[in-house]
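Here's the structure we're looking at; comments come further down.
Read the numbers this way: they start at 1 and go in the same order the structure lists the ligands and their atoms.
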Amino acid sequence: MADKKGEKIPRHIAIIMDGNGRWAKKRLLPRGAGHRAGMNRMIGLAEHVFDCGVSYCTLFALSTENLSRPQEELEGLFSLFREYFPANTERLKKKSIRLRVIGDRALLPPDIVGLIAEGEAYTADGTRGTLALAIGYGGRQDILAAVNEAVRRGREVTMEEFSALLATGDMPEPDLLIRTGKELRISNFLLWQAAYSELYFTDVLFPDFSDKELDKAIEAFGRRERRYGKL
Ligand code: FPP
């Protein structure tokens with residue numbers, strides 16, 4: 001967890017990308033313009049985060065609950081996904097970053113599910129880092145699915161076994177959880193996994209969350225003392 005300069009670098013950063021709508025509103029633009037700006041920022045950030053020495057990055061793009069937004073907004077988001085996804089999967093492949101998508105695929109349009117499966121297979125051999133995109137994801141739903149799987153197995157499970165049953169089962173827990181856009185809540189993101197994450201909230205709206213802002217969050221993490229409930 002330390003880079004060349006001796007700075008403490010989180011191994012896994014999770015980000016709740018909030019504030020696209022307000023970013024657009026401030027500019028008298030439609031919400032879709034905010035999502036496009038957010039998408040562009042997400043792509044830039046996904047490169048910068050691995051350049052910082054982080055190995056895992058989980059981005060909360062769409063919660064289970066977000067899927068109840070008006071059809072027009074959702075269609076806009078899925079169109080953006082279709083437009084940007086193929087070229088960016090290629091970029092991840094070139095950088096040896098493995099793409100993972102977590103969330104309930106049954107809630108997504110079939111062609112999006114197809115693109116996700118292709119992107120995951122294409123980048124599966126990436127060794128430099130893992131980018132997990134949470135789409136149609138809910139922390140409670142993730143826990144419930146793991147509980148049901150444990151019940152199906154017909155015996156009690158340990159904490160480690162339970163963690164492995166979650167959507168992020170093959171990833172370490174997030175060291176740093178960032179939320180942009182002013183709200184001070186977790187909003188059904190990685191509820192189990194974030195038990196000991198350091199939390200970082202910023203007023204900066206996601207499209208304005210620059211590489212420098214991420215560096216600030218990593219620096220703040222470096223100053224935290226993690227005790228995991230011990231002395
Ligand atoms: C929260 O802002 C943002 C979202 C619900 C969508 C995030 C999407 C992206 C960053 C683009 C990538 C999209 C996909 C599907 C991969 P908000 O709309 O809640 O903003 P507000 O709180 O200001 O209204």
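Using a cutoff of 4.0 Å between basic side-chain nitrogens and carboxylate oxygens, Arg41 and Asp208 are not scored as salt-bridged. Of the charged side-chain nitrogens involved, at least one lies within less than 4.0 Å of a carboxylate oxygen, so that Arg100 and Asp170 count as a salt-bridged pair. The existence of a salt bridge linking Glu65 and Arg140 is excluded, since no basic side-chain nitrogen approaches an acidic carboxylate oxygen closer than 4.0 Å. Note on Arg179 versus Glu183: no salt bridge recorded, every NZ/NE/NH1/NH2 to OD/OE distance being 4.0 Å or above.
Proximity to Arg22 (heavy-atom distance under 4.0 Å) selects the following atoms of ligand 1: 21 (P), 22 (O), 23 (O). Within ligand 1, the atoms closer than 4.0 Å to a non-hydrogen atom of Arg31 are 17 (P), 18 (O), 24 (O), numbered from 1 in the order shown. The ligand atoms of ligand 1 that sit less than 4.0 angstrom from a heavy atom of Phe81 are 16 (C).
For atom 17 (P) of ligand 1, the nearest protein heavy atom (residue, atom name, distance) is Asp18 OD1, 3.6 Å. Given atom 14 (C) of ligand 1, the protein heavy atom at minimum distance is Ala61 CB, 4.0 Å. Distance from atom 9 (C) of ligand 1 to its nearest protein heavy atom, with residue and atom name: Asn20 ND2, 3.7 Å. Nearest to atom 20 (O) of ligand 1 among the protein's heavy atoms is Gly21 N, 3.0 Å. Looking only at heavy atoms of the protein, atom 1 (C) of ligand 1 is closest to Met17 O, 3.2 Å.
Within the 4.0 Å heavy-atom criterion, neither part of Glu183 lies near ligand 1.
In this structure, Arg36 has no heavy atom closer than 4.0 Å to ligand 1. Contact analysis leaves Gly181 out of contact with ligand 1, as no non-hydrogen atom separation drops below 4.0 angstrom. Using 4.0 Å as the threshold, Arg69 has a heavy atom nearer than that to some atom of ligand 1.
Between Tyr137 and Phe60, the ring planes lie perpendicular to each other; the angle is over 60°, past the 30° to 60° tilted range.
The closest heavy-atom contact to atom 12 (C) of ligand 1, among the options Met39, Lys182, Lys26, comes from Met39.
Of the polar atoms of Asn66, none of the N or O atoms is found under 3.5 Å from an N or O of ligand 1, judged by distance alone.
Figure legend: Lys95 and Phe50 shown without cation-pi pairing, the cationic atom not lying both under 6.0 angstrom from the six-membered ring centre and within 45 degrees of its axis.
Note on Ile102 and Phe81: separate hydrophobic clusters, where clusters join Ile, Leu, Val, Met, Phe, Trp and Tyr whose side-chain heavy atoms are under 4.5 Å apart, directly or indirectly. Leu133 and Leu177 fall into different hydrophobic clusters, where Ile, Leu, Val, Met, Phe, Trp and Tyr residues are linked whenever their side-chain heavy atoms come under 4.5 Å apart, directly or through other members. Taken together through direct or relayed side-chain contacts under 4.5 Å among Ile, Leu, Val, Met, Phe, Trp and Tyr, Leu107 and Phe189 form parts of separate hydrophobic clusters.
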